[in-house]
Amino acid sequence: MAKLTKKIKYTTTITLVTGLHIGGNSENVEIGGIDNPVIKIATKNNQPYIPGSSLKGKMRCLLEQVAGATEVGGSAEVNKLFGAMEKKNVSTACHSKIIVRDAFLTPEAEELLHDSDGLDMPYTENKFENVIDRVTGTTVKGGIRQTERVPAGAVFNAEFIINVWDEDVDGKALEDMFKKGIKLLENDYIGGSGSRGYGQIKFGEFNKVELSEDNNWGA
């Protein structure tokens, strides 16, 4: 049976280079309210955050694109880090070896955004967009909508953990895959409307800590 030998923990920051929109619940939008709200966490005064699933999913997608995979789970190398579901008549299942935490605003960013006079709402901005009729060059009826975004410059704390098993030897191959995914993310986007400039991010300096039985798993 495989044995967990160590955990490699990376902590860093994520700075928004451009405004970010990761969609939230729009079921309770009031008349005149935002059409496309961002995802928020109620227990933190409705602050916006970056779900770990958004980071992990986009990182995996980009790595699979580079590997030439035609479907999720289509790259054996990527699967070694991100895991794979069992496919019909094919034994491909393997567990994920990476944990991506939800990323929350740093205390400094939280204070700055909450008290900013330049924002339309606490923590976020309201961006108007419209749909243009290509023949007439005018706005399509009903084509104006409001999109909520976390503004450029906002900073989030991020944490990634790579679980290394004895089959992974020292875990270097897993780390290399992770670092490649980080570079791809910085040169792409997260969230919606990336082709229109949304969602460009920049990672800060990465701090690495190795946890194992030797240091009581960081306890």
Side-chain angles (χ1 to χ4, degrees), residues 4-17 19-25 38-64 72 78-85 94-114 123-124 149-151 153-165 168 171-192 194 198-212 215-219:
L4 181 67
T5 58
K6 66 179 177 180
K7 288 175 171 282
I8 303 173
K9 181 166 71 173
Y10 283 99
T11 55
T12 185
T13 57
I14 298 173
T15 299
L16 303 187
V17 180
L20 172 68
H21 177 83
I22 297 178
N25 184 4
V38 299
I39 191 167
K40 299 171 183 173
I41 181 165
T43 55
K44 284 184 172 287
N45 297 321
N46 285 323
Q47 292 179 28
Y49 70 103
I50 303 175
S53 57
S54 295
L55 292 167
K56 184 178 181 181
K58 189 57 184 280
M59 190 186 307
R60 176 175 195 153
C61 177
L62 291 169
L63 287 167
E64 289 180 330
V72 176
V78 176
N79 290 349
K80 289 179 182 179
L81 179 61
F82 290 88
M85 299 289 288
C94 54
H95 55 272
S96 175
K97 295 177 182 176
I98 184 170
I99 299 169
V100 184
R101 307 290 193 198
D102 290 344
F104 300 107
L105 289 168
T106 64
E108 295 79 10
E110 176 186 344
E111 181 178 356
L112 181 64
L113 294 181
H114 185 271
Y123 311 113
T124 60
R149 304 197 312 177
V150 187
V155 184
F156 298 79
N157 284 317
E159 180 178 296
F160 305 85
I161 295 178
I162 299 173
N163 288 322
V164 180
W165 299 74
D168 304 310
K172 185 179 184 305
L174 298 178
E175 285 191 273
D176 288 345
M177 179 68 69
F178 166 70
K179 291 174 182 177
K180 184 177 180 180
I182 290 296
K183 290 179 180 179
L184 288 170
L185 269 179
E186 285 192 322
N187 288 290
D188 207 270
Y189 65 89
I190 60 173
Y198 289 38
Q200 182 182 0
I201 63 174
K202 180 70 176 177
F203 288 96
E205 180 180 351
F206 279 81
N207 299 304
K208 174 183 173 181
V209 176
E210 292 193 5
L211 309 174
S212 66
N215 57 20
N216 199 24
W217 299 104

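Just so we're clear, the structure is a prediction, and the values are computed from it rather than from any experiment.
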Could you walk me through whether Leu184 and Met59 pass the side-chain contact (heavy atoms from CB on, under 4.5 Å) check? CA-CA 7 Å; Leu184 288 170; Met59 190 186 307; over 6 Å; no
Apply side-chain contact (heavy atoms from CB on, under 4.5 Å) to residues Ile201 and Val17 and explain how you reach the verdict. CA-CA 5 Å; Ile201 63 174; Val17 180; 5.7 Å; no
Does atom CD of Glu111 have more than 12 heavy-atom neighbours, drawn from other residues, nucleotides or ligands, at distances under 6.0 Å?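 At most 12 heavy atoms, drawn from other residues, nucleotides or ligands, come within 6.0 Å of this atom.
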Pairs touching residues 182-192 that satisfy side chain to side chain donor-acceptor pair (under 3.5 Å), sequence neighbours left out: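 For residues 182-192, and leaving out neighbouring residues, the side chain to side chain donor-acceptor pair (under 3.5 Å) pairs sorted by first residue read Lys58-Asp188.
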Within the 4.5 Å heavy-atom criterion, are [X] and [Y] side-chain neighbours or not?
| X | Y | result |
| --- | --- | --- |
| Tyr10 | Asn207 | no |
| Met177 | Val78 | yes |
| Phe203 | Ile182 | yes |
| Ile161 | Asn163 | yes |

By side-chain contact (heavy atoms from CB on, under 4.5 Å), which residues pair with Ser54, not counting sequence neighbours?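 For Ser54 the side-chain contact (heavy atoms from CB on, under 4.5 Å) partners, ignoring immediate neighbours, are Ile22, Pro51.
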Please round to the nearest 0.5 Å and tell me the distance separating atom [atom1] of [X] and atom [atom2] of [Y].
| X | Y | atom1 | atom2 | value |
| --- | --- | --- | --- | --- |
| Leu174 | Trp165 | CG | CH2 | 12.0 Å |
| Lys6 | Glu210 | NZ | CD | 3.5 Å |
| Lys80 | Cys94 | NZ | SG | 9.5 Å |

Please state whether the rings of Phe206 and Phe160 are parallel, tilted or perpendicular, taking 30° and 60° as the class boundaries.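 Ring orientation, 0 to 90° scale: tilted.
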Between Thr106 (side chain) and Asn157 (backbone), is there a donor-acceptor pair under 3.5 Å?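 The answer is no, because no donor-acceptor pair under 3.5 Å joins these two groups.
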Between Arg60 (side chain only) and Asn79 (backbone N and O only), is there a donor and an acceptor less than 3.5 Å apart?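 The answer is no, because no donor-acceptor pair under 3.5 Å joins these two groups.
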Show every donor-acceptor pair shorter than 3.5 Å between a side-chain atom in residues 96-103 and any protein atom, with sequence neighbours excluded, or say none if there are none.
residue, atom, partner, partner atom, Å
Ser96, OG, Lys56, NZ, 3.0
Ser96, OG, Ile98, N, 3.4
Ser96, OG, Ile98, O, 3.2
Lys97, NZ, Glu167, OE2, 2.9
Lys97, NZ, Asp168, OD1, 2.7
Lys97, NZ, Asp168, OD2, 3.2
Arg101, NE, Glu159, OE2, 3.0
Asp102, OD1, Gly52, N, 2.7

How far apart are the closest heavy atoms of [X] and [Y], and which atoms are they?
| X | Y | result |
| --- | --- | --- |
| Pro48 | Phe156 | O-CE2, 3.7 Å |
| Ala154 | Leu113 | CB-CD1, 3.9 Å |
| Tyr123 | Glu110 | CE2-O, 3.6 Å |
| Thr15 | Val155 | OG1-CG2, 3.8 Å |
| Leu16 | Pro151 | CD1-O, 3.5 Å |
| Leu185 | Leu55 | CD1-O, 4.2 Å |

Given side-chain contact (heavy atoms from CB on, under 4.5 Å), test Leu4 with Val164 step by step and report yes or no. CA-CA 6 Å; Leu4 181 67; Val164 180; 5.7 Å; no
Pair Lys208, Glu175 - check salt bridge (charged side-chain N to carboxylate O under 4.0 Å, His left out), show working. CA-CA 11 Å; Lys208 174 183 173 181; Glu175 285 191 273; 3.1 Å; yes
I'd like to know whether Gln47 forms a side-chain contact (heavy atoms from CB on, under 4.5 Å) with Phe104, so could you lay out the CA-CA distance, the side-chain angles of the two residues, the decisive distance to 0.1 Å, and finally the verdict. CA-CA 8 Å; Gln47 292 179 28; Phe104 300 107; 5.6 Å; no
Pair Lys180 + Asp176, salt bridge at N-O below 4.0 Å: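 Not counted as a salt bridge, because no side-chain N and carboxylate O are separated by less than 4.0 Å.
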Check whether NZ of the Lys or CZ of the Arg Lys40 lies under 6.0 Å from the centre of the six-membered ring of Tyr49 and within 45 degrees of that ring's axis.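 No, a cation-pi geometry is absent between Lys40 and Tyr49.
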